[in-house]
Amino acid sequence: MRNRQARIPVSLKIGWTLFVVVWAPVYWKQYGAQNFLFYCDIGNLLILAGLWIESRLLISWQSVGLLVFQFLYAVDLLGASISGHHVIGGTEYMFDAAIPFFVRLLGLYHLVVLLLLLGCVRRLGYDRNAWKWQVAELWVLLPINFSWRPGYNVNFARGIAHEQHLIPAWLYLVAYMVVVPLLVYWPTHRFLQWWAERAKESSVDGASEQH
C-alpha cells in the first residue's frame with residue numbers, strides 16, 4: 001500500500017490540470033506547433049501525467065531535465081525585472097508588449113514548475129533511472145529541433161539564444177548532446193538523490209519524535 005504521506009494532493013492535480021487546459025490552446029495559437037517541442041512544454045504534459053498517476057519516474061525524469069533551466073529562467077526574469085538587462089537570456093518575450101499580457105502571464109509557470117517538481121520529489125522520492133530517460137529524450141528531441149523549423153531555434157538546437165556560426169552546425173549539435181547530459185543532467189541527478197534522501201531522513205525523524 002502506498003504511504004498516504006507520499007501522495008500528491010488532489011487539489012494540486014486539479015489545479016495543474018486546469019492550468020494545462022488553458023495554457024495548451026493559448027500557446028498553440030500564439031506560438032505554433034513547434035513550441036510544444038520545448039523541453040518545458042513537453043514537461044508540462046508529462047508532469048500532468050506524473051501527478052495523476054503519482055509516478056516517481058515521470059516526476060524525477062522531468063526534474064532532471066527542467067530544474068536547472070527553470071532556475072536560470074527565474075534568475076534571468078528576476079534580473080531583467082530589476083535591472084532591465086537579461087543576464088542569461090530566454091525571457092525577453094516576457095517584456096514584449098506585442099505579446100498579449102495573458103500569454104505572458106501564463107509564462108510564469110516556469111517559476112511554479114521549479115517549486116512543484118522539488119516538492120513532488122520530496123513526496124514521491126527519486127527514481128535513479130530518471131537521468132537516463134532525460135538523456136534519451138534529449139537525443140531524440142534535439143535532432144528534430146535542429147532540422148524541423150530551424151529558424152525557431154527550439155531548445156537552442158542551433159545556438160545559445162541565437163543561431164551560432166563559430167563552429168559547424170553539426171559539431172555544435174553533437175557537443176550539445178554530450179555536454180548537457182554531463183554538465184547539467186548528471187549533477188542534477190546527484191542533487192535529486194541527495195534531496196530525496198534528506199526528505200526521507202526528515203520524515204523518519206519526524207515519525208520518531210511522535211512516538
Side-chain angles (χ1 to χ4, degrees), residues 23-24 26-47 61-100 103-114 117 130-192:
W23 161 82
V26 170
Y27 261 49
W28 185 287
K29 180 179 179 180
Q30 180 67 35
Y31 298 116
Q34 76 285 335
N35 196 77
F36 287 85
L37 291 180
F38 276 106
Y39 305 127
C40 51
D41 288 0
I42 292 175
N44 284 347
L45 302 177
L46 292 177
I47 290 170
W61 169 9
Q62 293 314 296
S63 297
V64 170
L66 297 178
L67 284 182
V68 168
F69 297 109
Q70 303 291 35
F71 175 75
L72 294 176
Y73 181 99
V75 169
D76 190 71
L77 182 62
L78 180 61
S81 299
I82 295 174
S83 68
H85 300 287
H86 295 273
V87 179
I88 301 169
T91 67
E92 290 83 357
Y93 73 98
M94 292 292 286
F95 302 90
D96 186 351
I99 297 175
V103 176
R104 287 181 281 153
L105 187 64
L106 288 176
L108 294 177
Y109 78 82
H110 293 86
L111 309 182
V112 175
V113 165
L114 183 62
L117 289 173
W131 75 275
K132 299 177 184 178
W133 283 84
Q134 180 55 39
V135 172
E137 179 186 343
L138 171 70
W139 287 352
V140 169
L141 190 59
L142 200 61
I144 297 174
N145 299 151
F146 182 83
S147 58
W148 186 59
R149 298 187 176 181
Y152 289 96
N153 194 27
V154 173
N155 291 321
F156 296 158
R158 287 184 168 268
I160 305 301
H162 305 285
E163 184 170 356
Q164 63 83 35
H165 300 284
L166 296 176
I167 61 176
W170 67 268
L171 182 58
Y172 169 84
L173 178 65
V174 171
Y176 186 152
M177 296 174 71
V178 173
V179 170
V180 169
L182 290 178
L183 298 187
V184 178
Y185 297 161
W186 180 253
T188 305
H189 164 71
R190 297 295 295 171
F191 164 76
L192 288 167

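Numbering starts at 1 and runs along the sequence shown. This is a predicted model, so every value here is computed, not measured.
- The shortest side-chain heavy-atom distance between Ser63 and Thr188 does not fall under the 4.5 Å cut-off.
- To the nearest 0.5 Å, atoms CD (Gln164) and CG (Leu171) are separated by 8.5 Å.
- With values rounded to the nearest 0.5 angstrom, Phe71 atom CZ is found 15.0 Å from Tyr73 atom OH.
- Other residues, nucleotides and ligands place more than 12 heavy atoms under 6.0 Å from the CH2 atom of Trp186.
- Within a 6.0 Å sphere centred on CH2 of Trp139, other residues, nucleotides and ligands contribute 12 heavy atoms or fewer.
- Around the CH2 atom of Trp133, the shell of radius 6.0 Å holds no more than 12 heavy atoms that belong to other residues, nucleotides or ligands.
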Open item on the list: For His86 and Phe95: C-alpha separation, side-chain torsions, deciding distance, then whether ring pair (Phe, Tyr, Trp, His ring centres under 6.0 Å) applies.
Closed with: CA-CA 11 Å; His86 295 273; Phe95 302 90; 5.4 Å; yes
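- Note: Asp76 CG to Met94 CE = 11.0 Å, rounded to the nearest 0.5 Å.
- Within the model, atoms SG of Cys40 and CD of Gln70 stand 6.0 Å from one another, a figure rounded to the nearest 0.5 Å.
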TODO: Go through the steps for Asn145 and Tyr39 under the test side chain to side chain donor-acceptor pair (under 3.5 Å), then give the verdict.
DONE: CA-CA 11 Å; Asn145 299 151; Tyr39 305 127; 4.9 Å; no
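- Here CG of Asn44 is found 8.5 Å from OH of Tyr27. Values are rounded to the nearest 0.5 Å.
- Under the 3.5 Å distance criterion, the side-chain polar atoms of Arg158 are left unmatched by any main-chain donor or acceptor of Ala169.
- Considering only residues two or more places apart in sequence or on other chains, Pro100 meets the side chain to side chain contact (heavy atoms under 4.5 Å, CB included) condition with Gln30, Val103.
- From Tyr172, atom OH reaches atom CD of Glu163 across 10.0 Å, with rounding to the nearest 0.5 Å.
- Between Leu37 and Leu141 the shortest heavy-atom distance is O-CD2, 3.3 Å.
- For Trp23 and Phe36, the distance between ring centers is under 6.0 angstrom.
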